[in-house]
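Shown next, in structure tokens, is the structure this report addresses.
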Protein chains: 2
Amino acid sequence: MKETDHTIEAKILNAAENVFQRKGMDGARMQEIANEAGINKALLHYYFRSKQLLFEAVFKKAFSLLAPQLNKILNDDSSVEDKIKNFSFNYISFISEHPYLPNFIISELNRNPNFFLTIKEPHGFPRLDKFKKQVETDVEKGILKPIKAEQLFMNIIALNVFPFIGKPLIKSITNVDEETFNALLEERKTQVATFIIDAIKTR
Amino acid sequence: MKETDHTIEAKILNAAENVFQRKGMDGARMQEIANEAGINKALLHYYFRSKQLLFEAVFKKAFSLLAPQLNKILNDDSSVEDKIKNFSFNYISFISEHPYLPNFIISELNRNPNFFLTIKEPHGFPRLDKFKKQVETDVEKGILKPIKAEQLFMNIIALNVFPFIGKPLIKSITNVDEETFNALLEERKTQVATFIIDAIKTR
DNA sequence: ATTTAGTTTAACCAAATGGTTAACAAAGGT
DNA sequence: ACCTTTGTTAACCATTTGGTTAAACTAAAT
């Protein structure tokens, strides 16, 4: 993991990232973040006024890592089939490097759904429009079986994201160890796309 | 919602359920639970010794609602195809009545993966064995395309559970309102099964 | 009627927590 | 050199929080 910067602000942000993503907003302690950053607790408040603001900074940074991944599938120029293949492969690789990310985003979003409105404005927030038209066209052409873009999108995200979020549950039920589970994830990099395409393509 | 019982203990458990499932272990406050149960805070500790124990009671109760749903798909005698159809339909109906349940279980499991070991012992904890053999047999027979039972299981759970957990995210990106989102969920009761079956069945 | 056991409450407590303050150090401009 | 701004810290503070206590109430048993 290459630390982006060694300014104090970056050290704080990194430490906060770790703590918040492991413990969530409510479980995180400012003191723990300070310790992990190797600084005084008052300095946290000097750089980021409050826990809430520090949390928002972390959340926005996290989401700004995820957003481009989503945009890739939505606003690309490639075919639906290629999008599914690329997204599944890249996403699973990407998240394997940031395993806390999906659970963090989704948990905190459930804790406070309204908070999302704050973020929707600035950078390239993912929008479905283009993907939607593409799917509708392909369905009309008879390339794809009839399916709403929203449903297909939900399915793609679900199949790729859920294994990371549901990992403890799945590991328990399927009774596999860490190593085997990771092997399953590796396998999914290609299998998920095949699964989806088999489900939607006419022949 | 028919309250199961009006004994104090049940009132506490109900209140704790609401608060814990809304705010999580860390975000929940004993005082809030007491208020919601309409009793004194000390009484919480009289019935359940600590916050931790009260939480565990709530978690176990919640999981004991989910477990039979999972067992249905795992230990049933019906065909793989029927299992997928029944599970998808029933699960989405069931969760629509308990919308906080999946997020609660999964979030808390991620917060403390070890905790699950406590629960694994007692009642019918879901096991994959039977379903696994069934899938392997069907693959050998050529009824199903080659797929590991673990992967298929993950896919089924992902497609059914994720929309509830990822609701805030999905609603934002697809830009649909509450009503439309619920309509999509309703549609999924049958569409998810079709999607899966199209993906795995040979023809 | 009195004891006894279980139930319920108000008041209390120690620890933890987010946040502040005031003093001090470093750096930069003049 | 001197002063102003910015960065950093230890000590402190008010509030919140999970948990306790001791007393009061209730109802059944003796």
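All chains are named by letter (A, B, ...) in the order of the sequence lines, taking the proteins before the strands, and each is independently numbered beginning at 1.
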Q) For His45(B) and dA11(C), what is the distance between atoms NE2 and P respectively, to the nearest whole Å? A) 19 Å

Q: Taking only Lys NZ, Arg NE, NH1 and NH2, and the carboxylate oxygens of Asp or Glu, determine whether Glu56(B) and Lys51(B) approach each other closer than 4.0 Å.
A: no

Q | Test item: side-chain donor near acceptor, Asp177(A) and Thr180(A), under 3.5 Å | A | yes

Q. Once you round it to whole Å, what is the distance between P of dT16(D) and CG of Asp26(A)?
A. 16 Å

Q.
Does the Lys NZ or Arg CZ of Arg111(B) fall within the cation-pi geometry relative to Phe55(B) - under 6.0 Å from the ring centre and within 45° of the axis?
A. yes

Q | Value in whole Å for how far the P atom of dT9(C) lies from CE of Met30(B) | A | 15 Å

Q: Start with the C-alpha distance between Gln151(B) and Asn155(B), add both sets of side-chain angles, then the distance that settles side chain to side chain donor-acceptor pair (under 3.5 Å), and finish with yes or no.
A: CA-CA 6 Å; Gln151(B) 299 284 16; Asn155(B) 293 350; 5.8 Å; no

Q. Between Gln31(A) (CD) and dG19(C) (P), how many Å, whole number?
A. 13 Å

(Q) We want to know whether Asn75(B) and Asn71(B) form a side-chain donor-acceptor pair, criterion being a heavy-atom distance below 3.5 angstrom. (A) yes

**Q.** Protein-nucleotide distance (Glu32(B), atom CD; dG19(D), atom P), rounded to Å
**A.** 16 Å

Q. Just how far, in rounded Å, is P of dA16(C) from NZ of Lys51(A)?
A. 16 Å

Q.
From the set dT17(D), dT20(D), dG18(C), return the single nucleotide nearest to any side-chain atom of Arg29(B).
A. dT17(D)

Q: Output yes when Lys23(B) and Asp26(A) qualify as a salt bridge under the 4.0 Å nitrogen-oxygen rule, no when they do not.
A: no

Dump every N/O contact between nucleotides 5-8 of chain D and the protein below 3.5 Å, one line per pair.
residue : atom : partner  : partner atom : Å
dG7(D)  : OP2  : Tyr46(A) : OH           : 2.8
dT8(D)  : OP2  : Tyr47(A) : OH           : 2.8

Q.
Could you tell me how far apart Lys23(B) (NZ) and dT17(D) (C1') are, to the nearest whole angstrom?
A. 14 Å

**Q.** Asn18(B) side chain to Glu36(B) side chain, donor-acceptor N/O pair below 3.5 angstrom
**A.** yes

Q) Between Gln31(B) and Asn35(B), is any side-chain donor less than 3.5 angstrom from a side-chain acceptor? A) yes

(Q) Return a single string for nucleotides 22-27 of chain D, one symbol per nucleotide in 5' to 3' order, where B is base contact, S is sugar-phosphate-only contact and - is none, cutoff 4.0 angstrom on heavy atoms. (A) ------

**Q.** Whole-Å gap separating P (dG18(D)) and CD1 (Ile33(B))
**A.** 8 Å

(Q) Taking atom types as they are modelled, would you say the side chain of Lys41(A) forms a donor-acceptor pair with the base of dG19(C) within the 3.5 Å cutoff? (A) yes

Q.
For the backbone of Asp77(B) and the side chain of Lys83(B), can you confirm whether one donor and one acceptor N or O come within less than 3.5 Å of each other?
A. no

Q: Report which part of the nucleic acid Ala28(B) touches: base, sugar-phosphate, or nothing (heavy-atom distance under 4.0 Å, all strands).
A: sugar-phosphate

**Q.** Residue Ser50(A), side-chain heavy atoms: nucleotide from dT17(D), dG19(D), dG19(C) that is nearest
**A.** dG19(C)

